[in-house]
Peer 1: 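Below: one structure in C-alpha cells.
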2 protein chains.
Amino acid sequence: MSAVSRVLSGDPAARLSEATRERVRQAAVEVGYHPNFAGRALKLARTDVIALIVPDVTNALFSMLVQGVEDEAVARGCVMLLARSEDMQPGGTMFDRLVGEGRVDGIVLQPRDGTDPAELAETVGMRAPLVTIHQPIPGASSVVVPDALATRTAVEHLASAGHRRIGFAGGLAASPSARRRAEGFREAVARAGLDDDPALMTWRGYQEGDGRAAVAELLALPEPPTGLVVANVNAAVGALAQARTQGRAVPEDLSVVAVHDAKTAEHTWPPLTCVRMPLYELGRAAVAALFDVIAGGPVERRAVESPPPELVVRESTAVRGS
Amino acid sequence: MSAVSRVLSGDPAARLSEATRERVRQAAVEVGYHPNFAGRALKLARTDVIALIVPDVTNALFSMLVQGVEDEAVARGCVMLLARSEDMQPGGTMFDRLVGEGRVDGIVLQPRDGTDPAELAETVGMRAPLVTIHQPIPGASSVVVPDALATRTAVEHLASAGHRRIGFAGGLAASPSARRRAEGFREAVARAGLDDDPALMTWRGYQEGDGRAAVAELLALPEPPTGLVVANVNAAVGALAQARTQGRAVPEDLSVVAVHDAKTAEHTWPPLTCVRMPLYELGRAAVAALFDVIAGGPVERRAVESPPPELVVRESTAVRGS
DNA sequence: CATCGATGATCAATCGTTTGCGCAACTGGA
DNA sequence: TCCAGTTGCGCAAACGATTGATCATCGATG
C-alpha cells in the first residue's frame with residue numbers, strides 16, 4: 001500500500017526505481033485500483049474540487065465562462081462543482097455547508113449584479129479561497145474583462161458610421177462592470193467629439209426587460225439617438241424588440257451594438273453587431289487566480305487583456321442615413 | 001464529539017433528549033463548527049455529490065435541464081458537479097477518476113447524439129449508479145421526455161393551418177430521441193391524412209448546420225413542403241437562416257415549428273413557434289431516478305409526462321396561403 | 001430499598017490514504 | 001573487507017467522523 005500510494009501520487013521523493021514504479025502502475029491498472037477519494041481528501045485536507053457559483057445559467061454568456069472554468073480546473077487535475085440555486089448562493093444553507101465542511105478547495109464567484117461588495121464580503125466571510133469575476137469585493141482577488149475598451153470599440157464603430165448622437169443602455173448604476181462600460185462610453189464619446197448629452201445614458205440593468213425600458217426612455221427624447229450601445233447582449237435583445245414595438249427599424253432608424261457576443265446574437269432579428277469579450281479566457285484566468293490564492297498568493301485585481309475585445313459586425317448597424 | 005456527531009446527523013436512534021440536542025446545535029452554531037466533509041465521506045462511503053455529464057453547454061436547452069438537476073440534488077442535500085469537457089466524458093481520464101475514486105454518489109449522463117448505446121454502456125462499465133437522459137443504454141435506468149407527442153403536436157398545428165405537405169428535419173437516424181420524434185411525426189401525418197412522402201423526412205441531426213442542410217434538401221424537392229417540423233430548436237435556428245438564404249419567407253412560404261422551446265426562440269428572426277418540453281422536470285426526474293438506483297431499486301425506463309408538451313405559437317407559422 | 005428505563009459521557013475501532021522512519025539487502029568503489 | 005548509497009519493504013501514526021458498547025447517574029415505580 002505504501003509503495004502504491006507513493007507511485008500513484010507521483011511522489012518524487014519516494015525511494016523507488018523507475019522500473020518498480022512502472023510495475024506498480026501496471027498492477028494498479030490491471031486490478032482497476034483507484035485511490036479512495038475520501039481517504040485522500042481526509043489526509044491531504046484537499047478535495048481537488050473547485051466551485052463555480054453563478055446567479056444565473058440562462059444568461060447567454062454563461063456557456064463560455066463555464067467552459068473556461070472547467071477546462072482550467074480539469075487541466076489542473078480538479079473537477080468543477082456548479083452552483084446556481086438560491087440555497088447555493090452566498091448566505092444560503094448549502095453555501096454555508098460547502099464552505100464550512102471543506103467540500104471545495106476554492107470558489108469562483110460571479111456576484112449578482114447590483115450586489116453590495118462590502119455586504120457580500122461579509123456574507124462570504126473569507127472562509128475559503130475565493131476569486132470573484134466581473135466585480136471585486138473587499139479582501140478577495142478578482143478578475144475582470146476590459147469593459148471600457150469594449151464600449152469604446154462600440155462607440156468608435158458607430159461614430160465611424162456617422163452617428164453623432166449615440167445612446168447608452170447601461171447596467172445598474174451600482175454595478176462596477178456597468179461603471180467600467182459607462183466610462184469607456186464617455187471617453188469614446190469625448191474623444192470622437194460626439195454629442196455629450198447626459199440624457200443619452202440610461203442605467204436600467206442587464207436583463208432583456210431592462211433593454212426594452214432603456215430604448216423606450218431614449219426614443220422618448222426630443223432628439224432620440226440614431227446609434228445605441230447596449231452594455232450586455234441580453235439587454236440588446238430586449239432593445240431590438242422594443243425598437244420594433246415602437247416602429248423603429250434597426251439598423252435604419254437605430255443602429256445597435258451590444259457588448260459581449262453570444263451564439264444567440266447571430267440569430268436575432270436582425271443579427272446583432274457585437275463586441276466579443278474574452279469570457280472563456282475569463283473563466284480560465286479566474287481559476288488560475290484561484291490557484292494562486294490557494295497557494296498563499298496575495299489578493300490581486302486582474303484583468304483579461306487577451307484576446308482583446310473584437311468587433312463582430314452583423315446586421316444591426318449601418319451607416320447613418322442609409 | 002460523539003454527541004455532536006449524533007445530533008448533527010439527525011440520528012433518531014441516539015439516546016439524547018431534545019433539550020440536549022438543541023443545546024448541541026446551538027453550540028455548533030456558536031463556534032461555527034461544521035463536520036469535516038472528507039471524514040464523513042470516508043466513514044459513510046458517500047460524498048453527497050451528483051455528477052451531471054453533458055456533451056455541450058452551448059445548447060440552448062441546457063439551462064433548464066441543469067436547473068432541474070441542481071434543484072433536485074440540493075433538495076436532497078447533495079451538490080451537483082458539472083462535467084462537459086472531453087476528459088470528463090465517458091472514456092476520458094477524468095471520468096475514470098470520477099468513477100473509480102468514489103468522488104460522486106451517482107451520475108446523470110446525457111449521451112452524445114448518435115452514440116452507440118451498447119458501446120457507451122461498455123465504456124461506462126456500470127461502476128457507479130447511473131441514469132441516462134434522452135437515450136437509454138443497456139443496464140442503466142433512463143428518463144426521457146415525450147418526443148412523439150411533441151412532434152405530433154407540431155404536425156397538428158401545421159395541419160390545422162392548412163398545410164398538406166409537411167417536412168421533417170430530424171436528428172441523426174441512429175438517435176433514439178430522433179426516432180421517437182419521427183414516430184410521432186409519422187403518426188400525426190397518417191392520422192391527419194397528410195401527404196405521406198418519404199422524401200419529406202430528413203435525418204441530418206440536431207445542430208444548427210444540420211437544420212440548414214435539411215432545409216436545403218427539402219426545398220430542392222420538386223414539390224417542397226409548405227410546413228416544417230424541426231426536431232430541435234438549435235436546428236430550427238439553422239433552418240430559418242437557410243430559408244432566408246434561399247429567398248423563402250417564413251412563415252409565408254414555409255411555416256416552421258420546432259421541438260423544444262428556449263429563451264433564444266423568442267428572439268429569432270422571426271420568433272419561433274415551438275413545442276415546449278419539460279426539460280426542468282426531466283432534470284429533476286433524472287435525479288429522483290438516480291436516488292432510486294442508489295437505494296438499490298431496479299433498472300427502469302421512465303418518461304416525464306407532466307407537464308405535457310405545450311405549443312407556443314410565435315411568428316414562424318401561419319395559415320397556408322396567407 | 002431494589003430494580004428498571006432513560007439519558008449523558010466516554011472509549012475504541014473503523015473507514016483508506018499518506019508519509020516519516022527503520023531495517024535489510026544489494027551494489028559499487030576504495 | 002568495509003563503507004556508503006540506493007532501493008524495497010513494512011510499520012505506525014495521523015487525518016476527522018461515525019457508531020456500537022459500556023459505565024454511571026438519575027428519576028420513577030413497585
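In what follows, chains are A, B, ... by sequence order, proteins preceding strands, each numbered from 1. Predicted model only: the values in this text are computed from it and were never measured.
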Peer 1: OP1 or OP2 of C/dT18 sitting under 4.0 Å from any side-chain N/O of A/Ser9?
Peer 2: yes
Peer 1: At 10 degrees resolution, what angle do the end axes of the helix from C/dC1-D/dG30 to C/dA30-D/dT1 form when each is taken over five base pairs?
Peer 2: 50°
Peer 1: Can a donor-acceptor pair be found, under 3.5 Å and without considering hydrogens, that links the side chain of A/Arg180 to the backbone of A/His134?
Peer 2: yes
Peer 1: Using a cut-off of strictly less than 4.0 Å, decide whether B/Ser17 has a side-chain nitrogen or oxygen near OP1 or OP2 of C/dG8.
Peer 2: yes
Peer 1: For C/dT17 and A/Ser5 - does any side-chain N or O of the residue sit under 4.0 Å from the phosphate oxygens OP1/OP2?
Peer 2: no
Peer 1: When we call it a touch if two heavy atoms are under 4.0 Å apart, what does B/Arg15 touch: a base, just sugar-phosphate, or nothing?
Peer 2: base
Peer 1: May I have the distance from B/Leu8 (atom CG) to D/dA17 (atom C1'), rounded to whole angstrom?
Peer 2: 11 Å
Peer 1: Quick check: on DNA chain C, is the nucleotide nearest B/Lys43 upstream (toward 5') of the one nearest B/Arg23, or the reverse? Name the residue that is more 5'.
Peer 2: B/Arg23
Peer 1: Tell me the interatomic distance from A/Glu101, atom CD, to D/dA17, atom P, rounded to whole angstroms.
Peer 2: 10 Å
Peer 1: Roughly, in whole Å, what's the span from CG in B/Leu16 to P in D/dT19?
Peer 2: 13 Å
Peer 1: Grab the CZ-C1' distance between A/Phe37 and C/dT17 for me, whole Å please.
Peer 2: 13 Å
Peer 1: Hey, which sits more toward the 5' end of DNA chain D by its nearest nucleotide, B/Arg6 or B/Leu42?
Peer 2: B/Leu42
Peer 1: Below 4.0 angstrom from OP1 or OP2 of C/dT17, is there any side-chain N or O of A/Tyr33?
Peer 2: yes
Peer 1: Ignoring backbone atoms, test whether A/Arg40 places a side-chain nitrogen or oxygen under 4.0 Å from the OP1 or OP2 oxygen of C/dT18.
Peer 2: yes
Peer 1: Can you name the one residue among B/Val108, B/Ile107, B/Val144, B/Ile137 that meets side chain to side chain contact (heavy atoms under 4.5 Å, CB included) with B/Thr132?
Peer 2: B/Ile137
Peer 1: Determine whether more than 12 heavy atoms belonging to other residues, nucleotides or ligands lie under 6.0 Å from atom CD of B/Glu22.
Peer 2: yes
Peer 1: For atom CD of A/Glu300, is the number of surrounding heavy atoms from other residues, nucleotides or ligands below 6.0 Å larger than 12?
Peer 2: yes
Peer 1: What's the CG-P distance between B/Leu44 and C/dG16, to the nearest Å?
Peer 2: 12 Å
Peer 1: Over all strands shown, is A/Ser2 touching base, sugar-phosphate only, or nothing at heavy-atom distances under 4.0 angstrom?
Peer 2: base
Peer 1: Starting from P on C/dT18, measure out to CZ on A/Arg46 and report it in whole angstrom.
Peer 2: 9 Å
Peer 1: Counting only side-chain heavy atoms from C-beta out, which of C/dA9, C/dT17, D/dT19 sits nearest to A/Pro35?
Peer 2: C/dT17
Peer 1: Roughly, in whole Å, what's the span from CG in A/Asn36 to P in D/dC15?
Peer 2: 18 Å
Peer 1: Using a 4.5 Å cut-off on heavy atoms from C-beta on, say whether the side chain of A/Phe95 contacts that of A/Val124.
Peer 2: yes
